[in-house]
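Scroll down for the structure; my scribbles are underneath it.
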There are 2 protein chains.
Amino acid sequence: MKLTNTSEYALRILTYMAKDPAQLYSAKSLVEKLNISDKYLRRLMTTLSKQGFIYSIQGREGGYSFRKEPSEIRLADVVDAVEGMDTYAGCVLGFEECSCENPCVMHATWIKVREEFLSVFTNTTLADIDFEQAKRY
Amino acid sequence: MKLTNTSEYALRILTYMAKDPAQLYSAKSLVEKLNISDKYLRRLMTTLSKQGFIYSIQGREGGYSFRKEPSEIRLADVVDAVEGMDTYAGCVLGFEECSCENPCVMHATWIKVREEFLSVFTNTTLADIDFEQAKRY
DNA sequence: ATAATATACTACTCTATTGTAGCATTTATT
DNA sequence: AATAAATGCTACAATAGAGTAGTATATTAT
Ligand code: SF4
Ligand code: SF4
């Protein structure tokens, strides 16, 4: 039950920004706060920008800010944008073609976990995060 | 929400064997049935053998059979043996040190998924599989 | 205009997982 | 004993994800 580092980064960045969504965040400040490799973060921000989650403002005094409302950004959207949700929406056992009519041996077991994951990640938006209790990003 | 290929293989192999647990299975027959790379499967079988799940019988007419009862092999044990459960038992965001007293921003969201995964994988054994409905391995 | 400070892009390196090749070892059959 | 058919082992190759380096481009303050 693991996301790629890239998804972890994307979620950490966007949830961090969502705590104070009006602000403009420089790559530098995000790198310092979140301890993510500078160049990798920048590349990821460009992806998130092209995917429509954030604006990127170039030049001096530039940075990143939300393009969509945090309440319109579901966790699943973020994961989907940076690594794809296919593997998570699909089969534990990695089978390509699958349906509940043609189940594999793990299906009944797996489906419970998968549904929980999908329902949490599609029903939670960046605005639903409990920022009060969070002590780290 | 993904296991490594190795874990997928291990689960497919052991669930397949658990359907008829008394039988002796050759690597060759498993490779044919399950469509897993020959050498990789053999190496994995050695691991599963050393971890105590199965016997390996060398020589002509050799093969693999269960050492433990399928009812004593939990899915989590299998995953733990071949890739480790640490990343799954741990944090979505990949934080090393974590506690519910020092939660990260995703904690409340994440914990629901993690608990479902852990509870299913620790409470399901190879004997709990519904082999009747399974159409693929 | 120029310098300073920010993001964008391209190509490369590093690493862990996954997969392959080849030979060694074991054991039943003959 | 020789052969055949099975597993065991070690080292290497291929791949994909993660991270780095260096340069180009954009914008603002002066
Ligand atoms: S039936 Fe379920 S577990 Fe099996 S291949 Fe399809 S999604 Fe995966
Ligand atoms: S509090 Fe929960 S989500 Fe946060 S780091 Fe710990 S386990 Fe992960």
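Proteins get letters first, then strands, A, B, ... in listed order; numbering begins at 1 in each. These values consider heavy atoms only, across backbone and side chains, with no hydrogens, waters or symmetry-generated copies.
The nearest whole Å value for the distance from the CD1 atom in A:Ile57 to the P atom in C:dA8 is 10 Å. Taking atom CE of A:Met45 as the reference point, atom P of C:dA8 lies 9 Å away to the nearest angstrom. The NZ atom of A:Lys50 sits 8 Å away from the C1' atom of C:dA8 (whole-angstrom rounding). Separating the CZ atom of A:Arg42 from the P atom of C:dT5 is a distance of 13 Å, rounded to the nearest angstrom. With rounding to whole Å, A:Leu30 atom CG is found 12 Å from C:dA6 atom P. Atom CZ of B:Arg60 is separated from atom P of D:dA2 by 17 Å (rounded to the nearest Å). For B:Ile54 and D:dG8, the CD1 to P distance is 8 Å, given to the nearest whole Å.
A distance-only check finds a donor-acceptor pair linking the side chain of B:Arg114 to the backbone of B:Ala89 [under 3.5 Å]. Between the side chain of A:Thr15 and the main chain of A:Leu11, a donor-acceptor pair closer than 3.5 Å is present. Although no hydrogens or angles enter the test, the distance criterion places a donor-acceptor pair under 3.5 Å between the side chain of A:Asn123 and the main chain of A:Ser119.
Mapping A:Glu61 and B:Gly63 onto DNA chain D by nearest heavy atom places B:Gly63 closer to the 5' end of the strand. When each of B:Tyr25 and A:Gly59 is assigned the nucleotide of DNA chain D with its nearest heavy atom, B:Tyr25 is the one assigned upstream, toward the 5' end.
No more than 12 heavy atoms of other residues, nucleotides or ligands shown are found within 6.0 angstrom of NZ on B:Lys19.
Distances from the side chain of B:Tyr64 to the nucleotides C:dT29, D:dG8, C:dT7 place D:dG8 closest.
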Nucleic acid footprint by protein, nucleotides 12-25 of chain D - heavy-atom cut-off 4.0 Å, B for base, S for sugar-phosphate alone
------BBBBB---
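Contact detail for A:Leu34 and A:Arg12: the closest heavy-atom pair is O-NH2, 2.6 Å.
In terms of phosphate contacts, B:Ser56 brings no side-chain nitrogen or oxygen within less than 4.0 Å of OP1 or OP2 of D:dT7. Residue A:Ser26 has no polar side-chain atom (N or O) positioned under 4.0 Å from OP1 or OP2 of C:dT7.
Put simply, the residue from B:Arg43, B:Arg42, B:Lys50 that forms a side chain to side chain contact (heavy atoms under 4.5 Å, CB included) with B:Thr46 is B:Lys50.
A donor-acceptor contact closer than 3.5 angstrom links the side chains of B:Ser7 and B:Glu83.
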